[in-house]
2 protein chains.
Amino acid sequence: MLSQRSRYALKALLNIARNGGVRQVAAISTEEQIPRKFLEAIMADLRRAGLVRSTRGAVGGYALGRPADLITFAEVMRITDGPIALLPCVSRNFYQRCEDCPDEHACQLRSLFSEVRDAVTGILDNRTLADALRDDRRRDGAAVGEEVMG
Amino acid sequence: MLSQRSRYALKALLNIARNGGVRQVAAISTEEQIPRKFLEAIMADLRRAGLVRSTRGAVGGYALGRPADLITFAEVMRITDGPIALLPCVSRNFYQRCEDCPDEHACQLRSLFSEVRDAVTGILDNRTLADALRDDRRRDGAAVGEEVMG
DNA sequence: TACAATCTCTACCAATCTGATAGGAAATTA
DNA sequence: TAATTTCCTATCAGATTGGTAGAGATTGTA
């Protein structure tokens with residue numbers, strides 16, 4: 001399961017991307033129903049990873065560190081939750097040997113879970129914040145305004 | 001990440017399937033490098049779920065509760081780790097609402113993580129213990145004996 | 001019957017992770 | 001200077017994880 005941390009991080013980033021420009025923790029907190037102090041800690045992680053830039057003081061806040069179409073879901077999840085793969089020995093970004101495994105290449109779990117990793121990262125490494133916003137607009141459009149467009 | 005519990009459960013079941021018939025915890029424990037007492041607890045779970053049948057006494061042990069080609073990886077993982085989906089609100093077997101989510105159908109995470117769930121369960125619900133053993137034999141064959149067969 | 005082997009059950013435990021909360025320091029704007 | 005906002009450090013309760021201990025129940029065999 002995704003941690004609450006990751007869910008919050010993704011929602012916060014989508015909130016910033018949706019609104020554009022600089023956005024305060026307090027606003028995100030109330031809009032996305034995220035405990036303020038907890039969100040502060042999460043934003044600090046995202047800042048240290050370069051996903052957002054912060055400005056302090058009276059009209060400060062957070063802005064995306066790069067365009068929304070260059071921030072993937074996978075990247076956010078790796079920052080907040082660590083590895084995406086189900087086994088350490090099949091992770092590309094956080095590889096670690098399974099200590100109790102005598103021979104990695106003979107392991108009957110490894111090939112299957114490599115396949116799972118490929119399936120998952122195939123989606124998450126290629127889906128950006130911008131994609132999520134676009135899908136959302138399309139869904140709204142289909143229900144309400146798209147007809148007007150032809 | 002998969003819990004150690006799940007890894008051990010899968011390895012233990014594969015061990016039983018590979019050897020066929022009844023198999024003792026002590027043997028599995030040493031062969032698969034799993035702490036004995038911990039494995040006992042895991043086998044108890046698998047028994048309660050019907051994946052294995054146990055017999056007590058002098059020549060007791062555990063046998064598969066049904067043929068190896070009817071036990072999927074997904075089923076084992078759900079017993080030992082719970083939901084496979086990354087969000088409770090997209091799980092088929094353990095569905096739960098996200099409390100802080102005002103409108104599930106407007107959620108910008110949900111559609112993406114449904115897609116991920118489909119990709120993962122598409123693999124894990126359709127891969128059985130028998131498949132894993134077969135793949136393994138094929139891999140051995142390719143390296144050693146297959147040439148003899150033509 | 002006694003004994004050894006095996007699963008079964010209950011309880012317990014240390015370490016880590018999760019999801020927060022508290023309070024103040026530092027920076028910026030008006 | 002006052003207000004606003006991020007930044008930093010510390011703390012914490014509860015759950016989860018990975019495991020251990022020991023006694024009890026059941027069965028096969030000598």
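Just so it is clear: chains get the letters A, B, ... in the order the sequence lines come, proteins before strands, and each one is counted from 1.
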Is any side-chain N or O of [X] closer than 4.0 Å to OP1 or OP2 of [N]?
| X | N | answer |
| --- | --- | --- |
| B:R5 | D:dG18 | no |
| A:Y62 | D:dT5 | no |
| B:S3 | D:dT16 | no |
| A:R36 | C:dA22 | no |
| A:Q24 | D:dT6 | no |
| B:T55 | D:dT27 | no |

Separation of atom [atom1] in [X] from atom [atom2] in [N], rounded to whole Å:
| X | N | atom1 | atom2 | answer |
| --- | --- | --- | --- | --- |
| A:E40 | D:dT4 | CD | P | 15 Å |
| B:I34 | D:dG18 | CD1 | C1' | 13 Å |
| B:R48 | C:dT8 | CZ | P | 9 Å |
| A:E32 | C:dA20 | CD | P | 15 Å |
| B:D45 | C:dC9 | CG | C1' | 13 Å |

Given [options], the nucleotide with the shortest approach to the side chain of [X]:
| X | options | answer |
| --- | --- | --- |
| B:Y8 | D:dG19, D:dC8, D:dG28 | D:dG19 |
| A:Q4 | C:dG19, D:dT4, D:dC7 | C:dG19 |
| A:R56 | C:dA20, D:dT6, D:dG18 | D:dT6 |

Task: B:D69 and B:R134 ion-paired at < 4.0 Å - done: no
- [ ] Output yes when B:E32 and B:R18 qualify as a salt bridge under the 4.0 Å nitrogen-oxygen rule, no when they do not.
- [x] yes
- [ ] Answer yes or no: side-chain N or O of B:K37 and base N or O of D:dG18 forming a donor-acceptor pair under 3.5 Å.
- [x] no
Open item on the list: Nearest heavy atom decides the nucleotide; on that basis, is A:A58 or B:D81 closer to the 5' end of DNA chain D?
Closed with: A:A58
TODO: Evaluate the side-chain proximity of A:L10 to A:T80: yes if any heavy-atom separation is below 4.5 Å, no if none is.
DONE: no
Task: Worked verdict on A:C98 versus A:R110 for side chain to side chain contact (heavy atoms under 4.5 Å, CB included) - done: CA-CA 10 Å; A:C98 296; A:R110 208 171 126 81; over 6 Å; no
